[in-house]
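Side chains included, hydrogens not; waters and symmetry mates left out as well; all remaining heavy atoms used. Chain letters run A, B, ... following the sequence lines, proteins first and then strands; every chain starts at 1. All values reported here derive from a predicted model rather than from experimental measurement.
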2 protein chains.
Amino acid sequence: MTASDWAEAALAAMREGGGLNAIAIEPIATRLGATKGSFYWHFANREALVEAALARWERLRTEEVAAAVGPEPDPRARIRELYHRVTRDAARDPTELALLAHADHPRVAAVIKRVTTHRLDCLSRLFRDLGLSETEARYRGLQAYSGYLGRAHLAHSVPDLLPHGEDDRRYLDSVIDSLIGTHRPDADSGAGTDTGAGSGKGPAPGRDP
Amino acid sequence: MTASDWAEAALAAMREGGGLNAIAIEPIATRLGATKGSFYWHFANREALVEAALARWERLRTEEVAAAVGPEPDPRARIRELYHRVTRDAARDPTELALLAHADHPRVAAVIKRVTTHRLDCLSRLFRDLGLSETEARYRGLQAYSGYLGRAHLAHSVPDLLPHGEDDRRYLDSVIDSLIGTHRPDADSGAGTDTGAGSGKGPAPGRDP
DNA sequence: GTATCCCCGTACGACGGCGTACGGACATGC
DNA sequence: GCATGTCCGTACGCCGTCGTACGGGGATAC
């Protein structure tokens, strides 16, 4: 039984509901088949466990971003891929939403700030790669990230109100189109084989005579 | 001392941090200068108080939407006004964010679902008034609402990462432009003196002859 | 004056969570 | 055999909160 085991168990407890309050020593000890005696050998107090769990979460999220944003060369496809991927994961892991709700906690606030800054930087860079100006790229990055957070919330708390299946795919395309301009009908990036038309109705029908 | 007083105090407690857990009988009693004796005369148990607070919150939010969406005739300006107004309030009242984090609570889930449905309907109607198709209007409504939720979170947990003052006004204009098409450069709403160009590069230049 | 009822304060028990004290099992070194 | 150090279980005190029991003030009716 190591400190890492406790940290992972704390994260698991958060994942399964209750937010930060789910990090309670005795319930987690029971879940691990251990007792408080073990815990207080590895940690000074509950706050230390919270901190360890937060550090672990931050590391996982950072690696996740790096993995998600890495391979794809085309910036347009990168944004698309990132949005799909990240929005799918967040729906079934309420940990991030729980942390957002505890932003008044100083440790949590610090973690959120670092993770958010990192993500926004990555997003802004993606938009810069699309040719947008510095401030415009930052605006788009903020807008994209706000949309991501909101979508994660909706997916978790009122999934019925979000489109499903194919409809959701079209919706996401519509959102992404409004973020990255619109995808040029001439230089369409292959991934979506067919219904690019559905999103083609986006905000910018004009543009090419 | 009425039941309403307790419900309002419960809401106030939530406003000031701690989310649903902030609705604790004894602290609220102290804050009201009363005791549990009074509470258990008006309510059966804590759950009843939570329910009363939720009902009160739902009523307030519903009236708020009605007031915010009512007067303005031009749909474009309505969206603008709504976005500005709602985004400003949400930043300094974490109650909604706290409720989102407790979406696993059945009562909370029901309230969130009703309020969200209502808001999305209003938003979709606004976009329909702009001439969008049914599904397109619903997509835009969802996108706008997701953006609102995300922005509220960012404003509360990492306000430093959001633009401030004039910059934020430009950012919001950029977001709204990408949602409602673009604001017509001929009918520019005066406030922004100069750099309206920054958002003018939005997704849809065409549309109006 | 007193009976009644509404409203509330006080005192109590129970529970769950934190943190501490202490002892004990077990391996290791010598 | 014995000492030492690591790791953990047990038992305890403490606190905050929920819910209940009970008593009492005070207004009103008559």
Q. Is B/Y171 close to A/R138 at the side-chain level, that is, under 4.5 Å between some pair of heavy atoms?
A. no
Q: Grab the CZ-C1' distance between A/F39 and D/dT10 for me, whole Å please.
A: 17 Å
Q. Do B/R119 and B/V115 have side-chain heavy atoms sitting under 4.5 Å apart?
A. yes
Q. Could you state the CE-P distance from A/M1 to D/dC8, rounded to the nearest angstrom?
A. 7 Å
Q | Proximity to the side chain of B/T35 - top-ranked nucleotide from C/dG9, D/dG9, C/dC18 | A | C/dG9
(Q) What is the separation between atom CG on B/L20 and atom P on D/dT17, rounded to the nearest whole Å? (A) 15 Å
Q) Are any of the side-chain nitrogens in B/E51 or B/R46 under 4.0 Å away from the carboxylate oxygens of its partner? A) no
Q) For DNA chain D, what residues of residues 40-53 of chain B have any heavy atom nearer than 4.0 Å? A) B/Y40, B/N45, B/R46
Q | Sequence-distant partners of A/D121, salt bridge (Lys or Arg N to Asp or Glu O under 4.0 Å), two or more places apart | A | none
**Q.** Check: A/L49 and A/I28 side chains under 4.5 Å, non-hydrogen atoms
**A.** yes
Q. B/I28 has an atom CD1; how far is it from atom C1' of D/dC18, in whole Å?
A. 13 Å
**Q.** Whole-Å distance separating the CG atom of B/L32 from the P atom of C/dG9
**A.** 10 Å
**Q.** Contacts of B/R56 that satisfy salt bridge (Lys or Arg N to Asp or Glu O under 4.0 Å) - sequence neighbours left out
**A.** B/E8
Q | Atom pair distance, as rounded to whole Å: CD1 in A/I23 and P in C/dC18 | A | 10 Å
